[in-house]
Amino acid sequence: MSQGYAIELYFDPALENQVLKAWNVLARRQISTQLIEIESRPHITLFSSPFIDPAKLENIVKNFASKQEPLALTFSSIGSLPGDNNVLFLAPTPSLSLLQFHSHLCDALKKEGIEIGDDYRPDSWIPHCLVAQDVPKSRMAEAFSVLKDLKLPVTGYAMDIGLVEFSPVREIFSFMLGNSVEA
């Protein structure tokens, strides 16, 4: 049964591989394997909702993607969010281009009557790329230590935007940035 939908920003292959390296080292140490198990793909979540009509979103996202260019990204720090699910993430440097990209997407969604939840409003959104979730509390320090061994910063580009249903993750559609042809 679906838990919701998310619009996700995907990376170029080299940057995606850097994130997968973090996932794999945490999995090998048996700290966190959940992102691999739910068949996720490295990404930054731009919007999420438990209830959405994917067909309505497809044209919005397609039109939005066609007007965008690949977006430079730099993952420069490691972080964790408050809450019970013990997540760790790589944080992109919050560049003006990334923040504007997100804000313009929210504007496009609002224009079509789609409500933006508190976590994804431009004034409260925390851009991040999950590398672990449901990390046992007793292993959070170890997980941080493992991630500190990554050679940050890592740079690359956001190349695609897509809609997924979760969980497990199932891609519904994706579009290349700057191109209205389906990826």
Side-chain angles (χ1 to χ4, degrees), residues 2-13 15-16 18-20 23 35 38-77 79-81 83 85 87-133 154-180 182-183:
S2 172
Q3 294 175 318
Y5 298 89
I7 297 175
E8 298 181 340
L9 191 58
Y10 300 118
F11 316 135
D12 67 73
L15 186 56
E16 184 169 304
Q18 291 294 317
V19 176
L20 288 171
W23 290 14
L35 294 168
I38 64 170
E39 300 177 23
S40 188
R41 178 179 170 192
H43 65 276
I44 295 172
T45 302
L46 300 166
F47 167 82
S48 186
S49 175
F51 313 105
I52 203 78
D53 177 7
K56 183 175 184 179
L57 279 183
E58 188 164 2
N59 277 337
I60 299 168
V61 174
K62 182 178 186 177
N63 290 334
F64 177 78
S66 71
K67 296 173 186 158
Q68 306 299 316
E69 292 300 319
L71 186 63
L73 292 173
T74 300
F75 289 113
S76 52
S77 62
S80 181
L81 294 171
N85 53 354
V87 300
L88 294 172
F89 60 83
L90 298 178
T93 302
S95 64
L96 185 57
S97 57
L98 175 61
L99 298 175
Q100 286 178 334
F101 182 96
H102 176 258
S103 180
H104 292 158
L105 174 65
C106 289
D107 290 345
L109 294 171
K110 284 191 273 192
K111 196 183 300 181
E112 297 299 322
I114 296 170
E115 190 175 324
I116 310 297
D118 289 347
D119 290 345
Y120 296 97
R121 284 196 334 260
D123 61 350
S124 58
W125 178 60
I126 300 171
H128 63 280
C129 174
L130 286 182
V131 290
Q133 63 186 37
V154 293
T155 60
Y157 289 88
M159 302 297 288
D160 305 272
I161 186 172
L163 180 72
V164 297
E165 181 178 16
F166 59 88
S167 164
V169 174
R170 180 178 69 88
E171 185 176 285
I172 297 172
F173 60 76
S174 71
F175 300 102
M176 291 174 58
L177 299 179
N179 184 345
S180 60
E182 195 162 312

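Computed from heavy atoms alone, side chains included, the values below leave out hydrogens, waters and symmetry copies. This one's a predicted model, so the numbers in the text were calculated from it and none came from an experiment.
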Euclidean distance, [Y] [atom2] relative to [X] [atom1], rounded to 0.5 Å:
X: L130; Y: L81; atom1: CG; atom2: CG; answer: 7.5 Å
X: E69; Y: M176; atom1: CD; atom2: CE; answer: 10.5 Å
X: H102; Y: Y120; atom1: NE2; atom2: OH; answer: 8.5 Å
X: S174; Y: M159; atom1: OG; atom2: CE; answer: 12.0 Å
X: Q68; Y: N63; atom1: CD; atom2: CG; answer: 11.0 Å
X: D123; Y: I116; atom1: CG; atom2: CD1; answer: 11.5 Å

L35 versus Q133: any side-chain heavy-atom pair under 4.5 Å? yes
Determine whether F101 and F64 satisfy the following criterion, ring-ring contact (aromatic ring centres under 6.0 Å, His included), listing intermediate values before the conclusion. CA-CA 10 Å; F101 182 96; F64 177 78; 5.1 Å; yes
Between [X] and [Y], what is the shortest heavy-atom contact and its length?
X: I114; Y: F47; result: CG2-CZ, 3.7 Å
X: V169; Y: S40; result: CG2-CA, 3.9 Å
X: Y5; Y: P54; result: CE2-CG, 3.7 Å
X: I172; Y: E165; result: CD1-CB, 3.9 Å
X: F11; Y: C129; result: CE1-SG, 3.8 Å

Is there a side chain to side chain contact (heavy atoms under 4.5 Å, CB included) between V61 and F175 once you walk through the steps? CA-CA 8 Å; V61 174; F175 300 102; 4.0 Å; yes
Flag, side chain of [X] to backbone of [Y], donor-acceptor distance under 3.5 Å:
X: S76; Y: P92; result: no
X: K56; Y: E112; result: yes
X: W125; Y: L99; result: no

Answer yes or no: are there more than 12 heavy-atom neighbours, outside Q100 itself, under 6.0 Å from its atom CD? yes
With sequence neighbours left out, what residues match S95 under side-chain hydrogen bond (donor to acceptor under 3.5 Å, both in side chains)? S97
Using the side chain to side chain contact (heavy atoms under 4.5 Å, CB included) definition, which of the options L15, L177, D12, L71 pairs with Y157? D12
Hey, which of T45, L109, V164 is the one that makes side chain to side chain contact (heavy atoms under 4.5 Å, CB included) with I7?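 It is L109, the one option of T45, L109, V164 that forms the side chain to side chain contact (heavy atoms under 4.5 Å, CB included) with I7.
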If you apply the rule side chain to side chain donor-acceptor pair (under 3.5 Å), what do you find for T93 with T74, and how did you get there? CA-CA 6 Å; T93 302; T74 300; 5.1 Å; no
I'd like to know if E8 pairs up with R41 as an ion pair, taking the criterion as any Lys NZ or Arg NE/NH1/NH2 lying under 4.0 Å from an Asp or Glu carboxylate oxygen. no
